[in-house]
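Proteins get letters first, then strands, A, B, ... in listed order; numbering begins at 1 in each.
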2 protein chains.
Amino acid sequence: MYNIEKEMDDYIKVFKALSDMTRLKIMWLLLNIDEKVCVSEIVDVLEVYQYNVSRHLRILKDAKLINEVKEGKWVFYHLSPLEGEFGQFVHKAICSIPETEMTKEMTRCKVKLALRTKDDDIPYPGT
Amino acid sequence: MYNIEKEMDDYIKVFKALSDMTRLKIMWLLLNIDEKVCVSEIVDVLEVYQYNVSRHLRILKDAKLINEVKEGKWVFYHLSPLEGEFGQFVHKAICSIPETEMTKEMTRCKVKLALRTKDDDIPYPGT
DNA sequence: TATACATATGTGTTTTTGCGCATATGTAGA
DNA sequence: TCTACATATGCGCAAAAACACATATGTATA
């Protein structure tokens with residue numbers, strides 16, 4: 001793996017990506033459920049329009065905080081693997097935000113994940 | 001010391017405060033020199049107009065990242081005391097930004113600090 | 001291929017942010 | 001009190017960011 005020097009702009013891009021309610025919530029969820037999630041799940045959990053979720057995910061991805069994996073109809077997003085101290089501390093900072101601030105979202109998220117039809121051959125998300 | 005519950009907005013305010021080049025540099029310097037600095041010193045070190053430095057400092061202060069102490073003509077700014085995990089990890093994240101990104105500023109900063117006339121009764125900053 | 005579902009994007013609008021200029025406020029010293 | 005230095009702020013502008021609406025793209029399935 002290359003060790004491309006990060007520039008100041010890259011650090012700023014990370015902070016900027018995290019300075020929005022929706023995006024911070026997405027990161028918090030990804031860190032706390034330790035699962036990849038697809039766009040429509042985030043839409044339901046955060047109650048934000050699909051087109052806005054898509055755009056926010058793009059910004060997080062441009063900041064190298066998340067990555068996408070396409071699976072059939074769905075595009076799943078998950079945390080990017082950590083590659084340096086900076087990212088680790090950023091993760092820890094986000095993790096230190098108490099669940100108190102996210103109870104509603106966390107509840108909805110757990111429900112959503114439970115609805116995933118893992119039984120038969122139908123791949124993932126449920127109704 | 002009161003333990004006022006932070007809200008999601010407070011965390012966002014911190015990230016937003018750090019998502020600007022000038023402000024991130026100010027925080028990096030404060031963390032790396034372990035000294036309070038006054039506005040005019042920052043102006044010289046970062047080569048940013050005085051009125052903009054003032055404004056950026058205000059934003060950092062509103063995010064509770066720094067505090068001010070007035071001394072004579074000068075207003076010194078220093079890091080706010082840490083009060084929780086979140087702040088600690090944010091500090092560590094900023095500290096993990098390598099000096100490579102700040103060589104010019106760091107040099108000028110050391111020069112500036114050395115110029116402080118601590119000898120006679122004249123209080124602080126030098127020419 | 002037609003349809004439904006999932007995701008992304010083009011466009012226009014509103015809000016927010018950062019900056020420059022001018023100026024106000026505040027402090028110390030002649 | 002007058003002047004110089006240090007800091008803060010009101011105002012207008014330009015760029016960036018966030019959002020809503022419509023629509024495009026992409027995939028699976030009947």
Side-chain angles (χ1 to χ4, degrees), chain A residues 8-9 12-26 36-63 66-78 112 115-117 120-127, chain B residues 8-9 12-26 36-63 66-78 112 115-117 120-127:
Chain A
M8 209 62 176
D9 280 337
I12 288 174
K13 206 180 277 186
V14 169
F15 287 127
K16 192 163 290 186
L18 297 173
S19 66
D20 171 275
M21 184 70 83
T22 302
R23 295 194 295 263
L24 185 54
K25 284 181 176 177
I26 291 171
K36 57 189 156 94
V37 287
C38 69
V39 181
S40 51
E41 287 171 333
I42 299 176
V43 169
D44 292 344
V45 169
L46 299 188
E47 296 181 318
V48 174
Y49 287 121
Q50 180 271 320
Y51 47 80
N52 285 329
V53 170
S54 271
R55 289 199 167 101
H56 285 305
L57 287 167
R58 168 90 107 104
I59 290 169
L60 289 171
K61 195 186 152 200
D62 285 348
I66 60 174
N67 272 316
E68 59 181 48
V69 179
K70 302 186 188 193
E71 291 186 28
K73 295 201 289 186
W74 298 285
V75 180
F76 287 88
Y77 286 86
H78 59 88
K112 256 293 146 189
L115 282 177
R116 283 180 177 177
T117 50
D120 38 352
D121 39 344
I122 293 155
Y124 252 167
T127 37
Chain B
M8 209 62 177
D9 280 337
I12 288 173
K13 208 181 276 185
V14 169
F15 287 127
K16 193 163 291 190
L18 298 172
S19 66
D20 171 273
M21 184 71 83
T22 302
R23 296 194 295 265
L24 184 54
K25 284 181 175 178
I26 291 172
K36 56 188 156 86
V37 288
C38 70
V39 181
S40 50
E41 288 171 334
I42 300 176
V43 169
D44 292 344
V45 170
L46 299 189
E47 297 182 317
V48 175
Y49 286 122
Q50 180 271 318
Y51 46 80
N52 285 330
V53 170
S54 271
R55 287 194 172 108
H56 286 304
L57 287 167
R58 168 90 107 101
I59 291 169
L60 290 170
K61 195 185 152 200
D62 285 348
I66 61 174
N67 272 316
E68 59 181 48
V69 179
K70 302 187 191 194
E71 291 186 27
K73 295 203 287 187
W74 299 284
V75 180
F76 287 87
Y77 286 86
H78 59 88
K112 256 293 146 191
L115 282 177
R116 284 180 177 176
T117 50
D120 38 351
D121 37 345
I122 294 156
Y124 254 167
T127 35

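- The two residues A/D20 and B/I12 have their closest heavy-atom pair at C-CD1, 3.9 Å.
- In this structure, of D/dT9, D/dT7, C/dA6, it is D/dT9 that holds the atom nearest to the side chain of B/R58.
- Shown here for B/K36 and B/E71, the closest heavy-atom pair between the two residues is NZ-OE2, 2.8 Å.
- Spacing between atom CZ of A/R23 and atom C1' of D/dA18 amounts to 9 Å, rounded to whole angstrom units.
- Of the candidates B/H56, B/R58, B/Q50, B/S54 forms a side-chain hydrogen bond (donor to acceptor under 3.5 Å, both in side chains) with just one, namely B/Q50.
- Atom CG in B/L60 sits about 12 Å away from atom P in D/dA8, given to the nearest Å.
- We find that CE of A/M21 is positioned 16 Å from C1' of C/dT15, with the value rounded to whole Å.
- Residue B/S54 has its side chain nearest to D/dT7 when only C/dC21, D/dT7, D/dA18 are considered.
- In this structure, A/H56 reaches the D/dC19 phosphate: one of its side-chain N or O atoms is under 4.0 Å from OP1 or OP2.
- The NZ atom of A/K13 sits 10 Å away from the P atom of D/dA17 (whole-angstrom rounding).
- In terms of phosphate contacts, A/N52 brings a side-chain nitrogen or oxygen within less than 4.0 Å of OP1 or OP2 of D/dA20.
- Taking each heavy atom of B/F15 and A/S19 in turn, the nearest pair found is C-CB, 3.7 Å.
- A/L46 and A/T22 get closest at one heavy-atom pair: CD1-O, 3.9 Å.
- Nucleotide D/dA17 holds its P atom 17 Å from the CZ atom of A/F15, rounded to whole Å.
- Regarding B/F76, its CZ atom lies at a distance of 14 Å from the C1' atom of C/dT27, rounded to whole Å.
- In this structure, B/W74 places its CH2 atom 12 Å from C1' of D/dA4, rounding to the nearest Å.
- Across all strands, A/K70 comes closer than 4.0 Å to no nucleic acid atom at all (heavy-atom distances).
- In the set D/dA18, D/dA8, C/dC19, D/dA18 carries the atom at the smallest distance from any side-chain atom of A/I59.
- Here A/R55 lies in heavy-atom contact (under 4.0 Å) with a base.
- With rounding to the nearest 0.5 Å, the separation of CG in B/L57 from CZ in B/R23 is 10.0 Å.
- Comparing B/Y77 and A/T22 by the nucleotide of DNA chain D that holds the closest heavy atom to each, the one mapping nearer the 5' end is B/Y77.
- One interatomic measurement links the two molecules: CG of A/D62 to C1' of D/dA16, which rounds to 15 Å at whole-angstrom precision.
- Side-chain N/O atoms of A/S40 include one lying less than 4.0 angstrom from OP1 or OP2 on C/dT7.
- Checked against D/dA8, C/dC19, C/dG20, the side chain of B/V39 finds its nearest nucleotide in D/dA8.
- Toward the 5′ end of DNA chain C lies the nearest nucleotide of A/K73, the other residue of the pair A/K73 and B/K16 mapping further downstream.
- Within 3.5 Å, no donor on the side chain of B/Q50 pairs with an acceptor on the base of D/dA6, nor the reverse.
- For A/D20, the listed nucleotide lying nearest its side chain is D/dA18; candidates were D/dA8, D/dA18, D/dA20.
- Nucleic acid contact for A/Y51: base, since at least one base atom lies under 4.0 Å from a heavy atom of the residue.
- Closest to the A/Y49 side chain, of the nucleotides D/dA20, C/dT7, D/dA18, is D/dA20.
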